[in-house]
Amino acid sequence: MTDRVRLRLDLAYDGTDFHGWAKQKGGLRTVQQILEDKLSMILRHPVELTVAGRTDAGVHASGQVVHFDTTREALSQRSIDGDPGKLVRRLSKLLPLDVRVHSCTQVSPDFDARFSALRRHYVYRITTHPRGALPTRARDTATWFKQVDLDLMQQAADSLVGLNDFVAFCKAKPHATTIRELLSFEWKDVSTADEPQLYEAHVTADAFCWSMVRSLVGCCLRVGEGSRGSEFAEQLLQETSRSSQIPLAPAEGLSLVGVDYPAPDQLAARAEMTRERRAAEETEVG
């Protein structure tokens with residue numbers, strides 16, 4: 001494409017009825033496929049999206065970020081008139097109700113939604129009340145039918161923070177590194193009169209591997225319910241393969257809530273550094 005323009009979309013979706021973010025063979029319903037189809041129709045050329053973090057089936061997002069390239073010619077059509085922000089209204093009329101675009105802005109060609117990212121933020125929402133989740137929150141709140149000790153869960157979480165090989169917490173992916181820097185992992189009691197015994201895990205890392213957040217949560221729940229000791233989490237960091245001892249917390253409780261990026265003049269350097277680091281780590285893994 002000539003006269004290229006790079007656009008950033010900030011979006012949200014309810015992952016309940018999607019087979020994850022990424023396009024899949026066989027016509028399965030995914031967020032990427034639906035969004036690319038609608039953008040391609042509006043802009044009248046094929047659109048390919050690069051995403052900050054690929055979410056699994058059933059996982060939600062309120063702060064997902066993607067980028068794609070288009071042309072000034074495509075943006076000059078009457079309904080857009082050169083203003084990328086007008087794509088928000090166009091998309092709101094075409095997208096299903098479980099996908100919403102917050103904003104569309106032009107960004108530097110150096111911006112890369114995936115490799116320029118500094119940090120990803122997730123929140124996991126779970127109730128241990130015998131009733132389960134409120135009907136109005138059942139799509140974004142998981143249920144754990146055992147009582148848990150929040151202090152014990154926080155102790156387990158604290159032992160996982162730092163730069164570690166999280167292979168025990170990740171589903172295997174050929175030649176992919178499982179080394180990540182877990183920057184923070186905090187459990188909060190967010191109970192209300194309507195939602196007693198409600199907890200949230202706030203998890204931040206430079207990046208996450210496949211199913212890592214749900215495994216981190218599952219590990220803490222095992223400790224919190226008393227079926228594993230306080231040393232369980234730290235011991236798992238010594239494993240050399242995915243651990244069968246860690247339950248995968250239900251997908252519905254997990255939401256990607258934000259992605260942080262550096263200042264505009266640091267975007268290219270950050271993307272290059274991330275690519276080089278991932279390549280080096282994957283060479284070591286392979």
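Nothing here was measured: the structure is a model prediction, and the numbers come from that model.
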Quiz item: Taking all non-hydrogen atoms of both residues, which atom of Ala168 and which atom of Leu236 are closest, and how far apart?
Solution: CB-O, 3.4 Å
Would you mind writing out the side-chain donor-acceptor pairs for residues 51-60 within the sub-3.5 Å range, not counting sequence neighbours?
{"unit_1": "Thr55", "atom_1": "OG1", "unit_2": "Tyr13", "atom_2": "OH", "d": "2.7"}
{"unit_1": "Asp56", "atom_1": "OD1", "unit_2": "Trp210", "atom_2": "NE1", "d": "3.1"}
{"unit_1": "Asp56", "atom_1": "OD2", "unit_2": "Ser211", "atom_2": "OG", "d": "3.2"}
{"unit_1": "His60", "atom_1": "ND1", "unit_2": "Asp14", "atom_2": "OD1", "d": "3.4"}
{"unit_1": "His60", "atom_1": "ND1", "unit_2": "Gly15", "atom_2": "N", "d": "2.8"}
{"unit_1": "His60", "atom_1": "NE2", "unit_2": "Arg139", "atom_2": "O", "d": "2.6"}
{"unit_1": "His60", "atom_1": "NE2", "unit_2": "Glu252", "atom_2": "O", "d": "3.0"}

Self-check item: For Leu118 against Pro262, the heavy-atom pair lying closest together
Solution: CD1-N, 3.5 Å
Quiz item: Can you tell which of Thr50, Thr105, Asp69, Thr70 makes a side-chain hydrogen bond (donor to acceptor under 3.5 Å, both in side chains) with Arg6?
Solution: Asp69
Self-check item: Closest heavy-atom pair and its distance - Ser92, Arg100
Solution: O-NH1, 3.3 Å
Practice problem: Compare every heavy atom of Leu256 with every heavy atom of Arg120, then report the nearest pair and how far apart it is. | Solution: CB-CD1, 4.3 Å
Quiz item: Around Arg131, counting heavy atoms of other residues, nucleotides and ligands shown, do more than 12 lie under 6.0 Å from its CZ?
Solution: yes
Practice problem: Grab the two heavy atoms, one from Ala201 and one from Val217, that are nearest each other, plus how far apart they are. | Solution: CB-CG2, 4.3 Å
Self-check item: Heavy-atom side-chain proximity of Leu183 to Val161 below 4.5 angstrom
Solution: no
Quiz item: Just how far is it from atom OG of Ser244 to atom CZ of Arg242, taken to the nearest 0.5 Å?
Solution: 8.5 Å
Exercise. Give a yes or no answer on whether the side chain of His102 reaches the backbone of Ser62 with a donor-acceptor pair at less than 3.5 Å.
Key: yes
Practice problem: Report yes if the side chains of Ser79 and Gln77 come closer than 4.5 Å at any heavy-atom pair, otherwise no. | Solution: yes
Quiz item: Will you find, in the side chains of Glu225 and Trp144, an N or O donor that is under 3.5 Å from an N or O acceptor?
Solution: yes
Self-check item: Residues Thr192 and Asp194: side-chain donor-acceptor under 3.5 angstrom
Solution: no
Quiz prompt | Nearest-0.5 Å distance that lies between atom CE in Met41 and atom CG in Leu91 | solution = 9.0 Å
Quiz prompt | Close side-chain approach of Asp165 and Leu237, heavy atoms under 4.5 Å | solution = no
Quiz prompt | Donor-acceptor contact below 3.5 Å, side chain Ser191 vs main chain Pro196 | solution = no
Quiz item: Would a distance-only check, ignoring hydrogens and angles, find a side-chain to backbone donor-acceptor pair under 3.5 Å from Gln24 to Thr30?
Solution: no
Quiz item: Can you find a pair of side-chain heavy atoms, one from Phe169 and one from Val213, that are under 4.5 Å apart?
Solution: no
Quiz item: Are the side chains of Leu39 and Leu49 in touch, meaning some heavy atoms are under 4.5 Å apart?
Solution: yes
Quiz item: In Å, rounded to the nearest 0.5 Å, how long is the span from CD of Gln245 to OG of Ser227?
Solution: 10.0 Å
Self-check item: Salt bridge Asp83-Lys86, side-chain N to carboxylate O under 4.0 Å
Solution: no
Quiz item: Quick one: does Val65's side chain get under 4.5 Å of Leu9's, heavy atoms only?
Solution: no
Quiz item: Would you say Gln32's side chain and Gly20's backbone share a donor-acceptor pair under 3.5 angstrom?
Solution: no
Quiz prompt | Point-to-point distance, once rounded to the nearest 0.5 Å, from CD of Gln106 to CG of Leu75 | solution = 7.5 Å
Check residues 147-158 and write down every donor-acceptor pair under 3.5 Å in which the side-chain atom is one partner and the other belongs to a residue at least two apart or another chain.
{"unit_1": "Gln147", "atom_1": "OE1", "unit_2": "Gln197", "atom_2": "NE2", "d": "3.0"}
{"unit_1": "Gln147", "atom_1": "NE2", "unit_2": "Thr128", "atom_2": "O", "d": "3.1"}
{"unit_1": "Asp149", "atom_1": "OD1", "unit_2": "Asp151", "atom_2": "N", "d": "2.9"}
{"unit_1": "Asp149", "atom_1": "OD1", "unit_2": "Leu152", "atom_2": "N", "d": "3.1"}
{"unit_1": "Gln154", "atom_1": "OE1", "unit_2": "Trp187", "atom_2": "N", "d": "2.7"}
{"unit_1": "Gln154", "atom_1": "NE2", "unit_2": "Asp158", "atom_2": "OD1", "d": "2.8"}
{"unit_1": "Gln154", "atom_1": "NE2", "unit_2": "Phe185", "atom_2": "O", "d": "3.0"}

Quiz item: Is the side chain of Arg228 donor-acceptor paired with the backbone N or O of Arg222 at a distance under 3.5 Å, no angle test?
Solution: no
Self-check item: N/O donor-acceptor pair under 3.5 Å between Thr204 side chain and His121 backbone
Solution: no
Practice problem: Without swapping roles, check the side chain of Asp206 against the backbone of Glu181 for a donor-acceptor pair under 3.5 Å. | Solution: yes
Practice problem: Quick one: closest heavy-atom pair of Cys104 and Leu87, and the distance? | Solution: SG-CD1, 3.8 Å
Quiz prompt | Arg29 and Asp98 ion-paired at < 4.0 Å | solution = yes
Quiz item: Atom CZ of Phe115 and atom CD of Glu272: how far apart are they, to the nearest 0.5 Å?
Solution: 10.0 Å
Exercise. Please lay out, stage by stage, how Leu198 and Arg137 fare under the test side-chain contact (heavy atoms from CB on, under 4.5 Å).
Key: CA-CA 11 Å; Leu198 181 67; Arg137 299 304 301 261; over 6 Å; no
Exercise. Determine, step by step, whether Ser116 and Arg270 satisfy the side chain to side chain donor-acceptor pair (under 3.5 Å) criterion, reporting the C-alpha distance in whole Å, the side-chain angles of both residues, the deciding distance to 0.1 Å, and the verdict.
Key: CA-CA 5 Å; Ser116 294; Arg270 172 64 184 182; over 6 Å; no
Practice problem: Would you indicate whether the side-chain heavy atoms of Ile34 and Phe18 approach each other to under 4.5 Å? | Solution: yes
Quiz prompt | side-chain contact (heavy atoms from CB on, under 4.5 Å) between Asp112 and His67, intermediate numbers included | solution = CA-CA 7 Å; Asp112 187 297; His67 84 254; 3.8 Å; yes
Quiz item: Is the distance between the ring centroids of Tyr261 and Phe111 less than 6.0 Å?
Solution: yes
Exercise. Flag the pair Leu182 / Asn164 as yes when at least one side-chain heavy-atom distance between them is below 4.5 Å, and no otherwise.
Key: no
Quiz item: How far does CG of Leu11 sit from CG of Leu35, to the nearest 0.5 angstrom?
Solution: 6.0 Å
Quiz item: Counting heavy atoms not belonging to Glu48, are there more than 12 under 6.0 Å from its CD?
Solution: no
